[in-house]
Amino acid sequence: MIILFLDFIDQVTSILNDAVRSAGFEAEDMELGPSQHADLSSRIAFRLASVAKQSPKDVAEKIAGEIVIPKGSFIEKVEALGPYLNIWASRNFIEGTVLAIREQKEAFGGNFSEGRILLEHTSANPNGPLHVGHIRNSIIGDTLGRILKRAGYDVELHYYVNDMGRQIAIVSWALGHFEFDESSKPDHAIADVYIKANAELNAHPEKVAEIDKLMQLVEKGDAATIETFDKAVDLAVSGIKETLKKMNVAHDEFPKESSFIRSGDVSRIVEEIKATGRTEIDNGALVVNLQDYGFEKTLVIQRTDGTSLYTTRDLAYHEWKGERADRIIDVFGADHKLISGQLKATLNAIGKKEPEFVIFEFVSLPEGSMSTRSGKFISADDLLDQIKTQAYEEVDKRRPEMPDDFKAKVAEIVGIGAVRYDIVKVSPEKSTVFDWKEALDFEKQGGPFIQYSHARACSILQKARDEGLWKPEEPINTALLVEGSEVSLIKKMAMFDNMLDQCAKELRPHTFAIYARELADAFNQFYRFVSVLNAEDEQLRSTRIALVDCARMVLANTLDTLGLGAPESM
RNA sequence: GGGUCCGUGGCUUAGCCUGGAUAUAGCACCGGGCUUCUAACCCGGGGGUCGUGGGUUCAACUCCCACCGGUCCCGCCA
């Protein structure tokens, strides 16, 4: 298997290591990093300088003087510039990248990791439709899943369904008290009665007892109550699934909270926690002491009436997940920060596998935070509808001559792409405020920008095919690819594996979004500066066509990794 | 009150974990480019006390402390 950039880094590390030793120094880490001045740069001279009592500049020069580059290396040269050691890739690397892409096609740059990962994301309560805050979870989670899969992991995606919490009891109660609008999308109709029920409970607090009663019945396994809960949950989940599908988000499983009660896992895990001697009864409730983990307050795992809480069921769920996977990853909103820490600590206390968390900050509205209960939210369906309408106008403006079904299809792909890209490109620790104007703006360099460069590549290839200029069986001469924009494009493509690796390790999908934009940028510059079909001679033309085909594949892989469609024309 | 995350040109934003070379892009603004592979594009320009004040360091957007502003959380909700 050829893994280009990771190989390049390995070679640089090894060559640098030898040179450092030959120069009489000692170091573990070569302190490599990206640079605007070279393909890779090392800051190791700074570190060695203080130990060796020499100036960083002298150290860098001494190391550079000891560099030995073997024949056929991916490295062209290593140069000391002041205290820095700058490294450039060789023609061998550049041409090897093109050949590797041609050979491996869609598999290029992936499949270098292994292991089983269980990734949970979205898991919104089935008390209404997904709103623009929930889909930040979905998009981060789905993109992460795609990154991990492509990196080679065996990934199972879960949507954990809360089918027995207080909210669901309210929904179930609401279905018996308010009319359910059969004509609406079911998740929206559920939200409708849920909002009404909450208003009703606020106005008549004495009715809250009816909700408590329902929760106790469900926990005890009362068949009739369970059936009404299930009905409510299934309605909401069916609507949510439809929305997720529109966004190219798919889960493998939808495990339900109640299954962990019924299997007895919840009561068993409560006993396990009790056995640690950390529990006590506080005002009738069973609490766990996690002070030694840095949590001042205790964690309630059983109510006074003996029923379990979300956390209790989540403990059982995570225990189960830990038995099925090497790594457990959960994508949670910032409101779960404390509880997830407590969950992890408790699992540690009973010797279970601990999850890793990807936490993202909240999306709010200009007027304040969103709330399903009070009906203050913008649904994902609304956003997707509007973006599609807007995208249609944009296509119509640019390709007025095309048939309607073309415009509609492109509008769909571009609209979803714009939404997904906009959300995933922002680092998760940034809280955001939803803004319609911003969301519907197609002028900025977002998802459609990347899709456009893919369409441009396809367009060249289509024309080459139509005019009989593309002969895939003909040998190409990669030595001819020497234009600056060609080399930049190839180097960007070579980075694919490195980006995937880095994002998979750090669980930060937004950096992949940045890479995608840079790759599209590199292609657009190539497109502008280098003539493909009108190249000076036939061999150069065939070689450039091959390069465009490589770019097309890497762009398509990149778009797919982000969950964006790759239109051949737009 | 305790904790948490954020604060980078008019707006949005990368870099911060793992300190080092002129702080990354986009939008908006100004100027240029379609008889040649889709101008949802490309090229150039102006615009930044990296919230404030200390500290550590040869070196701080990056690490530490304090403060200011905003987010989220703080036992029987999820």
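The sequence lines fix the lettering, A, B, ..., with proteins before strands; numbering per chain opens at 1. As the structure is a computational prediction, the values presented were derived from the model and not from experiment.
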Any idea which of B:U71, B:A40, B:C42 is nearest the A:Phe529 side chain?
B:C42
State which residues pass side chain to side chain donor-acceptor pair (under 3.5 Å) with A:Asn162; sequence neighbours excluded, sorted by chain then number.
A:Asn125
Looking at residues at least two apart in the chain, or sitting in another chain, which of them share a salt bridge (charged side-chain N to carboxylate O under 4.0 Å, His left out) with A:Arg136?
none
Return the nucleotide paired to B:C67: Watson-Crick means purine N1 to pyrimidine N3 with N6-O4 or O6-N4, wobble means G-U with N1-O2 and O6-N3, both under 3.5 Å.
B:G51
Taken to the nearest 0.5 Å, the spacing of A:Ile139 CD1 from A:Phe360 CZ works out to 10.5 Å
Length of the NE2-C1' vector between A:His336 and B:C77, whole Å:
10 Å
Considering only B:C42, B:A78, B:A40, which nucleotide approaches the side chain of A:Arg313 most closely?
B:A78
Checking all strands, does A:Ser569 fall into the base, sugar-phosphate, or nothing category for heavy-atom contacts under 4.0 angstrom?
base
For residues 357-377 of chain A, the salt bridge (Lys or Arg N to Asp or Glu O under 4.0 Å) pairs (sequence neighbours left out) are A:Lys337-A:Glu361
Pairwise P distance for B:C5 and B:C63, with rounding to whole Å
11 Å
If the C1' atom of B:C34 is compared with that of B:C43, how far apart are they to the nearest Å?
14 Å
Which is true for A:Val395 with a 4.0 Å heavy-atom rule: it touches a base, it touches only sugar-phosphate, or it touches nothing?
base
Between B:C37 (P) and A:Arg541 (CZ): distance, integer Å:
15 Å
With side-chain contact (heavy atoms from CB on, under 4.5 Å) as the test, pick out the partner of A:Val161 among A:Pro126, A:Ser123, A:Ser258.
A:Pro126
What pairs meet the salt bridge (Lys or Arg N to Asp or Glu O under 4.0 Å) rule with one or both residues in residues 514-529 of chain A, with sequence neighbours excluded?
A:Lys492-A:Glu518
Side-chain polar contacts of residues 436-450 of chain A - donor-acceptor pairs under 3.5 angstrom, sequence neighbours left out - could you list them?
residue  : atom : partner  : partner atom : Å
A:Asp441 : OD1  : A:Glu443 : N            : 2.9
A:Lys444 : NZ   : A:Asp422 : OD2          : 3.0
A:Lys444 : NZ   : A:Glu438 : O            : 2.8

Interface with RNA chain B, restricted to residues 158-171 of chain A and to heavy atoms under 4.0 Å
A:Asn162, A:Gly165, A:Arg166, A:Gln167
What side chain to side chain donor-acceptor pair (under 3.5 Å) pairs are there with at least one residue in residues 291-307 of chain A, not counting sequence neighbours?
A:Gln216-A:Asp305, A:Arg278-A:Asp292, A:Tyr293-A:Asn348, A:Arg303-A:Thr307, A:Asp305-A:Thr307
Phosphate-side-chain proximity, A:Tyr452 and B:A40, N/O vs OP1/OP2 below 4.0 Å:
yes
Could you please name the option among B:C73, B:C76, B:C72 that lies closest to any side-chain atom of A:Asn283?
B:C76
Can you check the distance between B:C61 and B:G7, where both ends of the measurement are the C1' atom (answer in whole Å)?
12 Å
Students often get this wrong, so: under 4.0 angstrom with heavy atoms, is A:Val530 touching a base, only sugar-phosphate, or nothing?
base
Nearest-Å distance for atom pair CD/P, residues A:Gln525 and B:G44:
8 Å
Expressed as a whole number of angstroms, how long is the span from A:Lys53:NZ to B:C58:P?
11 Å
Would you say A:Lys491 has more than 12 foreign heavy atoms packed within less than 6.0 Å of its NZ?
yes
If I take atom CG in residue A:Leu540 and atom C1' in nucleotide B:C37, what distance separates them, rounded to the nearest angstrom?
14 Å
When you compare B:G1 with B:G46, how far apart are their C1' atoms, in angstrom units rounded to a whole number?
48 Å
Span that lies between the P atom of B:C16 and that of B:C6, in whole angstrom
12 Å
For residues 504-514 of chain A, pull every pair meeting salt bridge (Lys or Arg N to Asp or Glu O under 4.0 Å), keeping only residues two or more places apart or in separate chains.
A:Glu429-A:Arg508, A:Asp501-A:Lys505
Quantified in whole Å, what is the P atom distance between nucleotide B:A60 and nucleotide B:G53?
15 Å
Please figure out whether A:Ala334 or A:Ile460 has its closest RNA chain B nucleotide nearer the 5' end.
A:Ile460
Which of B:C42, B:A78, B:U71 is nearest the side chain of A:Glu361? It is B:U71
Between A:Glu486 and A:Arg544, is the closest basic N to carboxylate O distance under 4.0 Å?
yes
Nearest-angstrom distance from the residue atom CG of A:Leu489 to P of B:C42:
13 Å
Listed by chain and number, what are the side chain to side chain donor-acceptor pair (under 3.5 Å) partners of A:Ser371, not counting sequence neighbours?
A:Ser374
Between the side chains of A:Glu394 and A:Arg398, is the shortest nitrogen-to-carboxylate-oxygen separation below 4.0 Å, so that they form an ion pair?
yes
Paired with B:C27: which nucleotide, if any, by Watson-Crick or G-U wobble criteria at under 3.5 Å for both distances?
B:G10
C1' atoms of B:U35 and B:G31, separation to the nearest Å
24 Å
Salt bridge (Lys or Arg N to Asp or Glu O under 4.0 Å) partners of residues 209-218 of chain A, not counting sequence neighbours, each pair once:
A:Arg166-A:Asp212
In whole Å, measure the gap between the P atoms of B:G20 and B:U62 for me.
10 Å
Whole-Å distance separating the CD atom of A:Gln342 from the P atom of B:C76:
12 Å
Just to confirm, is there a sub-4.0 Å distance from OP1 or OP2 of B:C41 to any side-chain nitrogen or oxygen of A:Arg528?
no
To the nearest Å, how far apart are A:Glu257 CD and B:C77 C1'?
12 Å
Is there a residue in residues 290-304 of chain A whose heavy atoms reach under 4.0 Å of RNA chain B, and which residues are they?
A:Lys297, A:Thr298, A:Val300, A:Arg303, A:Thr304
So, are A:Asp549 and A:Arg552 salt-bridged, with charged N and O less than 4.0 Å apart?
yes
Glycosidic torsion of B:G33 (syn if within 90° of 0, anti otherwise) classifies it as anti
Sequence-aligned protein contact record of nucleotides 13-28 of chain B, with B where the base is within under 4.0 Å of a protein heavy atom and S where only the sugar-phosphate is:
SSS-BB-BBB--SSS-
Picking from B:A40, B:C72, B:C41, the nucleotide nearest the side-chain atoms of A:Asp335 would be B:C72
Residue-phosphate contact under 4.0 Å: A:Ser531 side-chain N/O, B:U36 OP1/OP2:
no
Where each residue is assigned the nucleotide of RNA chain B containing its nearest heavy atom, which of A:Ile339 and A:Ser369 is assigned the position nearer the 5′ end?
A:Ser369
